[in-house]
Amino acid sequence: GRRGLLYADWYLVSAIPERDILSNGSSMGLRFILLALLMLVCTMLCLFSVSVSITSRIRLLAQNMHNYNHENPSLIPASLHQDEIGTLIDEYNNLITHIRDLQIQKERQEQELRYSELRILRAQMNPHFLYNTLEMLRWYAGNHDKTMVDEIIRQLSTFYKLSLNH
């Protein structure tokens, strides 16, 4: 480079060998390329990690939804992530819990319905049974079959003792 000196009409000239200039530039360029490659590899690893995390959780949710068992629905382990997919998993688990509760409630209601039907049937059957038994006793008493009348009264007494206790 050429540069003028102050208060003089002289110029200072210096010479730097071309190889010195190019050697620093090429090593700096090589360092820049290596740094760029390193950053690219790190970015790719981070993206791969995030992608695997997201897709594995989506696959798990989809698999559980596909393999849904009506008799015994299974929960997905709670998500540690507080993102949209974690929210989907939590809501799926809430839905499964609600379904289980509804199934239990349905079973209880069906059991109560069967019990109520049985009580109604017993209530309807008892008057008819008693009426028919008394008619049969009247018929046997009219024929003077004392042994049969005694046996029917004993069985009727046993029947009512057992059925009224339950």
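Scope of the values below: all heavy atoms of this structure, side chains included, with no hydrogens, waters or symmetry mates.
- The structure places CG of L60 at 12.0 Å from CG of L88, a figure rounded to the nearest 0.5 Å.
- Judged as a side chain to side chain contact (heavy atoms under 4.5 Å, CB included), and not counting sequence neighbours, the contacts of E110 are K106, R114.
- Taking the side chain to side chain contact (heavy atoms under 4.5 Å, CB included) definition, one finds that E135 meets it with Y131, R138, sequence neighbours left out.
- At least one donor-acceptor pair under 3.5 Å links the side chain of Y92 to the backbone N or O of N64.
- Interatomic distance, I153 CD1 to L134 CG, rounded to the nearest 0.5 Å: 9.0 Å.
- Here CE of M136 is found 8.5 Å from CG of L156. Values are rounded to the nearest 0.5 Å.
- When the side chain to side chain donor-acceptor pair (under 3.5 Å) test is applied to E84, no partner is found at least two apart in sequence or on another chain.
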Open item on the list: Working note: Q63 + R59, criterion side-chain contact (heavy atoms from CB on, under 4.5 Å); need CA distance, chi angles, decisive distance, verdict.
Closed with: CA-CA 6 Å; Q63 180 181 5; R59 249 188 240 117; over 6 Å; no

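- Side-chain contact check for L113 versus R108: every heavy-atom pair is 4.5 Å or farther apart.
- In this structure, the separation between CD1 on I76 and CZ on R57 is 11.0 Å, given to the nearest 0.5 Å.
- Under the 4.5 Å side-chain criterion, counting only non-hydrogen atoms from C-beta, L102 is in contact with H98.
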For residues 34-55, which side-chain donor-acceptor pairs fall under 3.5 Å, sequence neighbours excluded?
| from | atom 1 | to | atom 2 | distance (Å) |
| --- | --- | --- | --- | --- |
| T43 | OG1 | M39 | O | 2.8 |
| T55 | OG1 | S51 | O | 2.8 |
| T55 | OG1 | V52 | O | 3.4 |

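- Put simply, CD on Q105 and CG on D101 are 8.5 Å apart, with the number rounded to the nearest 0.5 Å.
- Annotation: side chain to side chain donor-acceptor pair (under 3.5 Å) contacts of E151 (sequence neighbours excluded): R154, Q155.
- In this structure, the side chains of I85 and L61 stay at 4.5 Å or more apart for every pair of heavy atoms.
- The side chain to side chain donor-acceptor pair (under 3.5 Å) test applied to N94 returns no partner, not counting sequence neighbours.
- Under a cut-off of 6.0 angstrom, the local environment of CE in M65 is sparse, with at most 12 non-hydrogen atoms contributed by other residues, nucleotides or ligands.
- The structure places CD1 of I152 at 11.0 Å from OG1 of T147, a figure rounded to the nearest 0.5 Å.
- Between the side chain of N93 and the main chain of L75, no donor-acceptor pair closer than 3.5 Å is present.
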